[in-house]
Amino acid sequence: MKNVILIGANGATMRVLTEQLKDNADVHLTLFLRDAKRIDTSKINVPVTVFEGDATKQADLDKAIANQDIVVVGLGGALAHFVAPIQQAMNKNHVSRLIFILGLGIYDEVPGKFGEWNGSFSGMPDFKEAARLIENSGLNYTILRPAWMSDRPEINYETTVKGEPFRGTVITRASIADYIIRLINEPDLANQGSIGLSEPGTDGDSPYPFI
């Protein structure tokens, strides 16, 4: 059984991931979030622990990451300042596998008008810095660069790797969760990798026709 902690478990994508993992008998889930009351575990059929904590507090991360095998980070807002404390907690607890959700455009890999539009958002420098810190962390990381996220239930996606032009403009949260489960189940997949995730056939100047 793999011990998997979801940091930022109340986020929309992480909730979809939890739903997809709820019947996976090979996983023990730890759900890390600020307010435990926001999570209903009554329908989760795998062993589950809810850890109420703050991802900016080293003591909380140190305790929560103890005995984990895989750390999945799906936080919102500015992300670079979370990297060092998570890295420190992982090193302290001898945990190496990190899956970190960032976003597209961190390598200026998105072409055309969509790339120009996406790159104009104020949070992009923070995402780029987070990627730099993760890539220099010494951890066995996978950075995920999803396109703009849709709540549609379909699972349909393609991947690109660092150095390839990004394709598409959107991705469903269900598809992101599906790929994370692949990473959990396939230990040799995308190690030290940065993976773009998008839905085929969604190229364009804007994601809004597809969301």
Side-chain angles (χ1 to χ4, degrees), residues 2-21 27-36 38-39 48-106 123-124 126-147 149 162 171 173 175-185 187 189-197:
K2 295 177 182 176
N3 295 322
V4 180
I5 183 170
L6 310 186
I7 297 179
N10 191 50
T13 302
M14 301 292 257
R15 283 179 172 270
V16 174
L17 176 58
T18 301
E19 175 66 22
Q20 290 190 18
L21 284 170
V27 168
H28 179 287
L29 276 178
T30 297
L31 306 178
F32 183 104
L33 69 163
R34 285 179 179 270
D35 185 355
R38 294 181 176 180
I39 292 287
V48 59
T49 300
V50 178
F51 190 102
E52 189 172 84
D54 184 338
T56 65
K57 292 185 177 179
Q58 194 66 58
D60 288 353
L61 290 169
D62 289 349
K63 185 176 180 180
I65 290 175
N67 301 313
Q68 301 296 333
D69 299 307
I70 301 171
V71 177
V72 183
V73 181
L75 295 163
L79 298 177
H81 71 288
F82 292 112
V83 176
I86 290 171
Q87 176 188 354
Q88 183 173 325
M90 292 179 69
N91 289 337
K92 180 176 182 177
N93 288 289
H94 308 289
V95 180
S96 64
R97 188 69 175 111
L98 173 66
I99 301 167
F100 204 114
I101 302 173
L102 284 175
L104 74 168
I106 58 176
M124 189 60 67
D126 173 80
F127 275 29
K128 290 182 177 183
E129 176 62 8
R132 186 189 70 81
L133 293 170
I134 294 166
E135 289 172 336
N136 291 321
S137 67
L139 298 170
N140 181 15
Y141 67 85
T142 301
I143 292 171
L144 297 182
R145 294 176 285 117
M149 298 180 195
K162 183 179 180 179
I171 185 74
R173 298 182 192 278
S175 292
I176 299 169
D178 186 83
Y179 189 74
I180 292 173
I181 292 172
R182 284 191 60 197
L183 292 170
I184 291 170
N185 291 333
L189 178 63
N191 292 334
Q192 275 78 49
S194 181
I195 305 299
L197 291 169

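Applying the side chain to side chain donor-acceptor pair (under 3.5 Å) criterion to Gln192, with sequence neighbours excluded, gives Asn140. Taking the side chain to side chain contact (heavy atoms under 4.5 Å, CB included) definition, one finds that Thr49 meets it with His28, Thr30, sequence neighbours left out. Taking Thr56 as the reference, Asp54 meet the side chain to side chain donor-acceptor pair (under 3.5 Å) condition, with sequence neighbours excluded. Residues satisfying the side chain to side chain contact (heavy atoms under 4.5 Å, CB included) criterion with Ala66, sequence neighbours excluded, are Asn93. The side chain to side chain contact (heavy atoms under 4.5 Å, CB included) test applied to Thr142 returns Arg97, Leu144, Leu183, Ala190, Ile195, not counting sequence neighbours. Evaluation of the ring-ring contact (aromatic ring centres under 6.0 Å, His included) rule for Phe51 yields Phe32 as partners, not counting sequence neighbours. In this structure Ala89 satisfies the side chain to side chain contact (heavy atoms under 4.5 Å, CB included) test together with Gln58, Leu61, Asp62, Ile65, sequence neighbours excluded. Listed by chain and number, the residues in a side chain to side chain donor-acceptor pair (under 3.5 Å) with Asp60 amount to none (sequence neighbours excluded). Taking the side chain to side chain donor-acceptor pair (under 3.5 Å) definition, one finds that Glu19 meets it with nothing, sequence neighbours left out.
Atom CG of Asn191 is surrounded by more than 12 heavy atoms from other residues, nucleotides or ligands within 6.0 Å.
In this structure, the side chains of Leu102 and Ile134 come closer than 4.5 Å at one or more pairs of heavy atoms. A 4.5 Å side-chain heavy-atom check between Arg145 and Leu197 finds every atom pair outside the cut-off. For the pair Phe127 and Ile143, the minimum side-chain heavy-atom distance is 4.5 Å or more. Inter-residue side-chain proximity for Thr18 and Val48 is flagged as unmet; no heavy-atom pair is nearer than 4.5 Å. For the pair Leu79/Phe100, a side-chain contact is recorded, criterion being any heavy-atom separation below 4.5 Å from C-beta on. A heavy-atom distance below 4.5 Å is found between the side chains of Ile101 and Ile180.
Ala147 and Ile171 get closest at one heavy-atom pair: O-CG2, 3.4 Å. Among all heavy-atom pairs drawn from Ala55 and Pro85, the shortest one is O-CG, 4.3 Å. Nearest heavy-atom pair, Asn185 versus Pro187, reported as atom, atom and distance to 0.1 Å: O-CD, 3.4 Å. A pairwise comparison of heavy atoms in Ala80 and Leu133 identifies O-CD1, 3.7 Å as the closest pair. Across every non-hydrogen atom of Thr13 and Met149, the tightest pair is OG1-SD, 3.4 Å.
For residues 128-144, the pairs satisfying salt bridge (Lys or Arg N to Asp or Glu O under 4.0 Å) are Asp108-Lys128, Glu129-Arg132, Glu135-Lys162, with sequence neighbours left out. Sorted by first and then second residue, the salt bridge (Lys or Arg N to Asp or Glu O under 4.0 Å) pairs with a member in residues 63-88 form an empty list; sequence neighbours excluded.
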>> Arg15 vs Arg38, test: side chain to side chain contact (heavy atoms under 4.5 Å, CB included). Steps then yes/no.
In response: CA-CA 11 Å; Arg15 283 179 172 270; Arg38 294 181 176 180; 4.0 Å; yes

>> Applying side chain to side chain contact (heavy atoms under 4.5 Å, CB included) to Leu139 and Asn91, what does each step give before you reach the verdict?
In response: CA-CA 8 Å; Leu139 298 170; Asn91 289 337; 3.7 Å; yes

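Between atom CG of residue Leu17 and atom CD1 of residue Ile184 there is a gap of 6.0 Å, rounded to the nearest 0.5 Å. Here the CG atom belonging to Leu98 is positioned 6.5 Å from the OG atom belonging to Ser137, to the nearest 0.5 angstrom.
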Pairs of donor and acceptor atoms involving the side chains of residues 70-78, under 3.5 Å and at least two apart or interchain, shall be tabulated with distances.
none

